[in-house]
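Below you'll find the structure, written out as structure tokens, and then a few comments.
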Amino acid sequence: MVGTESFMERYIERAGLAEVWEKVQAGTRLTYEDGVRLYESNEITAIGYMANWVRERLHGDVAYFVRNQHINYTNICNKDCKFCSFFAKKGGPKPYELDLEAIRRRVHEYRDVPITEIHMVGGINPRLPYQYYLDIVRTVKEERPNATVKAFTMIELQQIARVAQKPLRDVLLELMDRGLGALPGGGAEVLTPRVHEELYKKKLDWRDWLETARVAHSVGLKSNATMLYGHIETLPERVEHLVRLRELQDETGGFYTFIPLAFDPQNTELAHVARSTGADDLKTVAISRLMLDNFPHIKAFWMMITPPIAQLALRYGADDIDGTIMNYEITHVIDQSNRQSLTMEQLLEMIREAGRVPVERDALYNVVHHWDVEAPPVAPRAPSLALPMVG
């Protein structure tokens with residue numbers, strides 16, 4: 001082990017990253033310039049080694065997953081984001097709105113699965129009244145009283161406050177009274193003025209997104225944070241995004257997890273953009289772990305980067321692989337070949353094959369099961385589908 005460490009330290013030095021490595025080992029915060037240097041380096045093994053060192057210092061060999069369900073209550077949206085394939089448009093998905101009974105049926109469909117998180121988001125549909133949002137949270141909580149309802153991005157929250165004609169703080173408290181337990185991290189995209197203006201100018205800008213998160217954290221709602229990468233953003237803009245999130249986390253401590261989201265260009269206005277490579281995906285996970293020293297968790301979202309890359313990411317700084325999902329419509333909505341769910345048994349296999357110890361969590365990172373010491377239940381209908389290959 002000592003020989004391996006000595007070899008890696010020499011390798012890191014040859015890669016020109018010795019100064020960064022010294023900071024990492026000393027627990028010294030990396031600067032914006034350090035983040036740019038890491039992104040400009042092609043030595044992903046060195047970067048991954050440093051990120052894995054931090055990850056194992058924080059979490060050992062544990063890799064978290066959750067048994068969750070995603071529900072998208074509407075795909076009608078007025079924001080016209082150039083990177084989106086989800087919203088209803090001519091030649092694309094047909095518009096829909098789920099009424100309360102449809103949402104209840106979706107939750108009830110998986111009544112025999114011990115789901116602990118319901119992840120619910122949708123488009124910005126101006127026709128939906130305030131009461132609708134209160135009612136869908138209540139409906140999910142009635143059907144799944146022991147699950148955490150994790151719902152509404154910062155963009156949705158501002159829309160809900162707008163139709164309610166109430167201060168955001170009051171709206172959040174009323175949603176919490178109906179059963180809202182946590183917030184997802186979507187809608188952040190890349191928190192820079194240029195990307196906002198070019199790709200999603202009808203949505204919140206970086207200041208408003210952060211301010212919305214600040215208010216949510218102030219009433220006790222924890223959230224995730226994301227970054228949609230691999231489109232028109234520059235590498236320095238990625239680092240700028242991370243630094244802005246880190247600064248808010250210093251202030252509120254309200255973020256659980258950071259989730260890098262690899263952009264999927266198919267069926268978007270950016271269809272000409274090449275998809276991110278596996279190297280870029282792994283580097284982004286690793287740099288996120290190194291820069292976000294105050295975020296407890298880094299997630300490798302298997303739906304966006306494929307299960308095989310997510311497995312590798314567990315050695316590149318990620319300690320979470322997300323969960324069962326059940327159905328995901330935000331991306332890949334037209335590509336029916338994309339896997340929409342994984343069973344618990346498949347998640348366990350993925351994690352163990354990566355040399356990690358699977359721990360099932362809930363939405364708030366309370367431990368549900370230690371599957372290294374507990375025997376998983378026998379699934380009544382275990383699918384025989386293999387994990388998708390990287391292609």
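Residues: numbered from 1 along the sequence shown.
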Listed partners of Arg29 passing salt bridge (Lys or Arg N to Asp or Glu O under 4.0 Å), at least two apart
Asp250, Asp293

Can you label the angle between the His70 ring and the Phe301 ring as parallel, tilted or perpendicular, going by 30° and 60°?
parallel

Partner of Thr324 under side-chain contact (heavy atoms from CB on, under 4.5 Å), picked from Val66, Thr343, Asn68, is Asn68

Trace of the side-chain contact (heavy atoms from CB on, under 4.5 Å) decision for Glu233 with Thr192
CA-CA 9 Å; Glu233 86 287 354; Thr192 67; over 6 Å; no

For atom CD of Gln165, decide whether the heavy atoms of other residues, nucleotides or ligands shown that lie under 6.0 angstrom number more than 12.
no

State whether a side-chain donor-acceptor pair under 3.5 Å links Tyr49 with Glu9.
no

What residues join Ile44 in its hydrophobic cluster, counting side-chain heavy atom gaps under 4.5 Å, either direct or through other members?
none

Under 3.5 Å, which donor-acceptor pairs do the side chains of residues 15-28 form with other protein atoms, sequence neighbours left out?
from	atom 1	to	atom 2	distance (Å)
Trp21	NE1	Gln25	OE1	3.3
Lys23	NZ	Asp34	OD2	2.7

Using the benzene-type ring in the case of Trp, are the ring centres of Tyr229 and His241 under 6.0 Å apart?
no

So, Thr212 and Gln158: side-chain donor and acceptor under 3.5 Å apart, yes or no?
yes

Tell me every residue that passes side chain to side chain contact (heavy atoms under 4.5 Å, CB included) with Arg214, counting only those two or more places apart in sequence or in another chain.
Glu211, Leu248, Glu251, Thr252

Parallel, tilted or perpendicular: which fits the ring planes of His59 and Tyr64, with parallel below 30° and perpendicular above 60°?
perpendicular

Heavy atoms of Tyr130 and Val171 approach each other most closely as OH-CA, 3.8 Å

Between Thr226 and Gly187, what is the shortest heavy-atom contact and its length?
OG1-N, 4.3 Å

Non-neighbouring partners of Trp206 that pass ring pair (Phe, Tyr, Trp, His ring centres under 6.0 Å), sequence neighbours left out
none

Stepwise side-chain contact (heavy atoms from CB on, under 4.5 Å) test for Val359 and Trp371:
CA-CA 6 Å; Val359 171; Trp371 290 119; over 6 Å; no

Under a 4.5 Å cut-off applied to non-hydrogen side-chain atoms, are Lys299 and Val285 in contact?
no

Value for OG1 (Thr74) from CG (Leu128), rounded to nearest 0.5 Å, stands at 6.0 Å

One pair to check against side-chain contact (heavy atoms from CB on, under 4.5 Å): Arg37 and Glu33. What are the steps and the verdict?
CA-CA 6 Å; Arg37 183 191 305 181; Glu33 291 76 16; over 6 Å; no

Holding to ring pair (Phe, Tyr, Trp, His ring centres under 6.0 Å), I want the full list of residues that pass it with Tyr256, two or more places apart in sequence or in another chain.
Tyr365

With sequence neighbours left out, write down each residue that passes salt bridge (Lys or Arg N to Asp or Glu O under 4.0 Å) with Lys201, or none if nothing qualifies.
none

Ring-ring centroid check Phe258 His297, cutoff 6.0 Å:
no

Side-chain donor-acceptor contact under 3.5 Å, Glu117 with Gln69
no

Applying side chain to side chain contact (heavy atoms under 4.5 Å, CB included), can you list everything that pairs with Ala151, at least two apart in sequence or on another chain?
Met120, Val149, Leu180

Does either side chain, that of Arg10 or that of Ser6, offer a donor lying less than 3.5 Å from an acceptor on the other one?
yes

Taken in chain and number order and not counting sequence neighbours, the residues that satisfy salt bridge (Lys or Arg N to Asp or Glu O under 4.0 Å) with Arg138 are Asp135, Glu142

For the residue pair Tyr133 and Phe152, what are the closest heavy atoms and their distance?
CD2-CE2, 3.8 Å

Gln249 and Arg246 side chains, donor-acceptor separation under 3.5 Å
no

With sequence neighbours left out, write down each residue that passes ring pair (Phe, Tyr, Trp, His ring centres under 6.0 Å) with His196, or none if nothing qualifies.
Tyr200

Report the residues that fulfil salt bridge (Lys or Arg N to Asp or Glu O under 4.0 Å) with Lys203, sequence neighbours left out, ordered by chain and then residue number.
Glu189

With sequence neighbours excluded, what pairs up with Phe263 under the ring pair (Phe, Tyr, Trp, His ring centres under 6.0 Å) test?
His231

